[in-house]
Amino acid sequence: MHESADGPGLSRDRATDVAAAGFEPWPDSSVHIEWGATGAALAADRGDVVVVVDVLSFSTTLSIAVSRDFTCLVYSGAEIESLGGPAMAAIRLGAKPLSRQRKVEPGTVSLSPASLLTAERGQRVVFTSLNGATVVGAAAKAPALLVGAPRNATASAELAARMLERTRAGRITVVACGERWNSVEPGVAGFRPAVEDWLGAGAICAGLADRGYSLSAEARLASAAWRAPTALADLAECVSARELRAAGFAADVQLALQVDADSLVPARMVGEQTGRVFLGMSA
């Protein structure tokens with residue numbers, strides 16, 4: 001039985017214990033992985049370069065968008081509603097709204113990566129998503145903010161390394177966004193880790209390791225998972241991928257599996273006042 005100063009069997013809260021011990025959860029390495037909006041906010045507060053990974057489908061969609069010369073304005077759903085809804089937000093931001101529906105007619109832009117392939121190039125569009133856009137907002141204070149995926153993994157690693165040097169940040173934190181429990185119990189809020197985001201983060205970490213950067217334990221594990229021979233096949237069979245295929249979006253999964261198909265990375269525009277404008281950038 002644990003004993004404390006408060007008496008036998010009474011233990012202090014764990015957070016109090018680690019705070020009293022002066023514990024620092026962020027590792028002494030150049031590259032680390034964290035999860036969700038909380039991880040993104042903590043990394044940004046520490047002054048890290050942040051790479052947001054939401055493979056199915058926010059990161060993949062934005063990677064294709066900037067490869068087609070889009071200007072991407074990224075806002076969470078709550079922020080869009082605070083601006084008066086998608087149509088009004090787009091007017092106020094001088095951009096086109098993202099369709100509320102994933103399945104759209106050719107030429108209309110939605111969160112489906114496949115929709116970008118038939119859309120006119122060079123558009124200015126407000127992008128939102130449940131997870132990726134929310135994490136981007138949480139990382140607003142970061143000195144540099146990128147959106148990574150397997151489609152741009154090599155380019156993301158190169159650009160993150162360049163940003164680390166340019167901004168003199170403490171490290172690169174790759175944030176795996178995670179997923180909602182959409183297919184389990186409709187109407188019930190929930191959040192889970194997402195293997196596709198873990199593998200996508202691992203792809204970027206592997207690229208940084210190849211460039212000589214030190215990885216945290218979490219980043220090493222994700223990197224090793226990405227280098228496994230079955231990584232892409234496993235990604236194709238994860239819950240989120242099967243859910244998309246069941247809904248008729250097999251093409252979106254295939255686009256997400258195309259490693260290094262894009263050479264540009266969605267990167268936050270330097271010096272722009274809102275901090276929510278992303279353009280395609282390379283190292």
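The structure presented is a predicted model; accordingly, all values stated were derived computationally and were not measured.
With a 4.5 Å cut-off on side-chain heavy atoms, V125 and T71 do not count as touching. Counting only heavy atoms from C-beta outward, the side chains of S63 and V265 never approach each other to under 4.5 Å. You'll find the side chain of I172 stays beyond 4.5 Å of the side chain of D48, heavy atoms only. Between T128 and F58 the shortest side-chain heavy-atom distance does not fall below 4.5 Å. Side-chain atoms of L221 and E218, non-hydrogen and from C-beta on, never get closer than 4.5 Å to each other. Taking 4.5 Å as the limit, some side-chain heavy atom of V174 sits within range of a side-chain heavy atom of C205. Under the 4.5 Å side-chain criterion, counting only non-hydrogen atoms from C-beta, L232 is in contact with V259. Counting heavy atoms from C-beta outward, L117 and P106 have side chains that stay 4.5 Å or more apart.
Nearest approach of G178 to F191, heavy atoms of both residues: CA-CZ, 3.6 Å. Counting all heavy atoms, side chain and backbone alike, G148 lies closest to I204 at CA-CD1, 3.8 Å. Between T61 and F127, the shortest heavy-atom distance links the atoms CG2-CE2, 3.8 Å. The heavy-atom pair separating P150 from A256 by the smallest distance is CB-O, 3.8 Å. Between A119 and V109, the shortest heavy-atom contact is CB-CG2, 3.7 Å. Minimum interatomic distance between G47 and A169 (heavy atoms only, all atoms of both residues): O-CB, 3.1 Å.
To the nearest 0.5 Å, the span separating CG on L62 from CG on L279 amounts to 10.5 Å. Distance check, rounded to the nearest 0.5 Å: OG of S29 to CG of L208 gives 11.0 Å. To the nearest 0.5 Å, the span separating CG on N152 from CD on Q258 amounts to 12.5 Å. The CD atom of E196 sits 8.5 Å away from the CG atom of L244 when rounded to the nearest 0.5 Å. Distance check: C72 SG to F278 CZ gives 9.0 Å after rounding to the nearest 0.5 Å. Atom OG of S67 is separated from atom CG of L264 by 7.0 Å, given to the nearest 0.5 angstrom.
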* Could you walk me through whether M269 and M281 pass side chain to side chain contact (heavy atoms under 4.5 Å, CB included), step by step? => CA-CA 9 Å; M269 184 176 176; M281 189 180 297; over 6 Å; no
* **side chain to side chain contact (heavy atoms under 4.5 Å, CB included) assessment of S112 paired with F249** => CA-CA 8 Å; S112 166; F249 296 101; 4.3 Å; yes
* To do: Evaluate the criterion side chain to side chain contact (heavy atoms under 4.5 Å, CB included) for residue pair L42 and W26; output intermediate values, then yes/no.
  => CA-CA 9 Å; L42 290 171; W26 250 248; 3.5 Å; yes
* I would like to know whether R180 and N131 meet side chain to side chain contact (heavy atoms under 4.5 Å, CB included); could you show each step before the answer? => CA-CA 8 Å; R180 308 298 172 103; N131 302 312; 2.9 Å; yes
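Side-chain N/O atoms of R192 and S240 include a donor and acceptor closer than 3.5 Å. Side-chain polar atoms of E272 and T274 form a donor-acceptor pair below 3.5 angstrom. Between the side chains of R102 and S115, no donor-acceptor pair of N or O atoms lies under 3.5 Å. In the model, D54 has no side-chain atom that pairs as donor or acceptor with a side-chain atom of S59 under 3.5 Å.
Distance alone, capped at 3.5 Å, is enough to place a donor-acceptor pair between the R268 side chain and the A140 backbone. Side chain of T108 to backbone of V104: no donor-acceptor contact under 3.5 angstrom is found. The main-chain N or O of L164 is never found under 3.5 Å from a side-chain atom of R171 such that the two would form a donor-acceptor pair. Side-chain N or O atoms of D197 include one that pairs as donor or acceptor with a backbone N or O of V55 at under 3.5 Å. Side-chain atoms of S223 do not come within 3.5 Å of backbone N or O of A219 as any donor-acceptor pair. Here the side chain of S57 pairs no donor or acceptor atom with the backbone of T60 at under 3.5 angstrom. No donor-acceptor pair closer than 3.5 Å links the side chain of R151 to the backbone N or O of I64. The backbone N or O of S99 lies less than 3.5 Å from no partner atom in the side chain of S110, so there is not a single donor-acceptor pair. At distances below 3.5 Å, not a single donor-acceptor pair connects side-chain atoms of T154 with backbone N or O atoms of D260. At least one donor-acceptor pair closer than 3.5 Å links the side chain of R124 to the backbone N or O of L93.
Both tests pass for R276 against the ring of Y75: distance under 6.0 Å to the centre and angle within 45° of the axis.
Ring geometry for W198 versus W35: interplanar angle under 30°, hence parallel rather than tilted (30 to 60°).
Using a cut-off of 4.0 Å between Lys/Arg side-chain N and Asp/Glu carboxylate O, R245 and D252 are scored as not salt-bridged. Using a 4.0 Å cut-off between charged nitrogen and carboxylate oxygen, E81 and R100 count as a salt-bridge pair.
L146 is not connected to V66 by any chain of hydrophobic side-chain contacts under 4.5 Å among Ile, Leu, Val, Met, Phe, Trp and Tyr, and they are in different clusters. Put simply, V51 and L215 are part of the same group of oily side chains (I, L, V, M, F, W, Y) that touch within less than 4.5 Å, one to the next. In terms of hydrophobic clustering, with Ile, Leu, Val, Met, Phe, Trp and Tyr side chains grouped at heavy-atom distances under 4.5 Å, V253 and V239 are assigned to different clusters. In the hydrophobic cluster analysis, where Ile, Leu, Val, Met, Phe, Trp and Tyr join through side-chain heavy atoms closer than 4.5 angstrom, L56 is grouped together with L199. By the rule that hydrophobic residues join a cluster once side-chain heavy atoms approach within less than 4.5 Å of another member, L98 and V277 end up as members of separate clusters.
Under a cut-off of 6.0 angstrom, the local environment of CZ in R68 is crowded, with over 12 non-hydrogen atoms contributed by other residues, nucleotides or ligands. A 6.0 Å sphere centred on CZ of R168 holds no more than 12 heavy atoms belonging to other residues, nucleotides or ligands.
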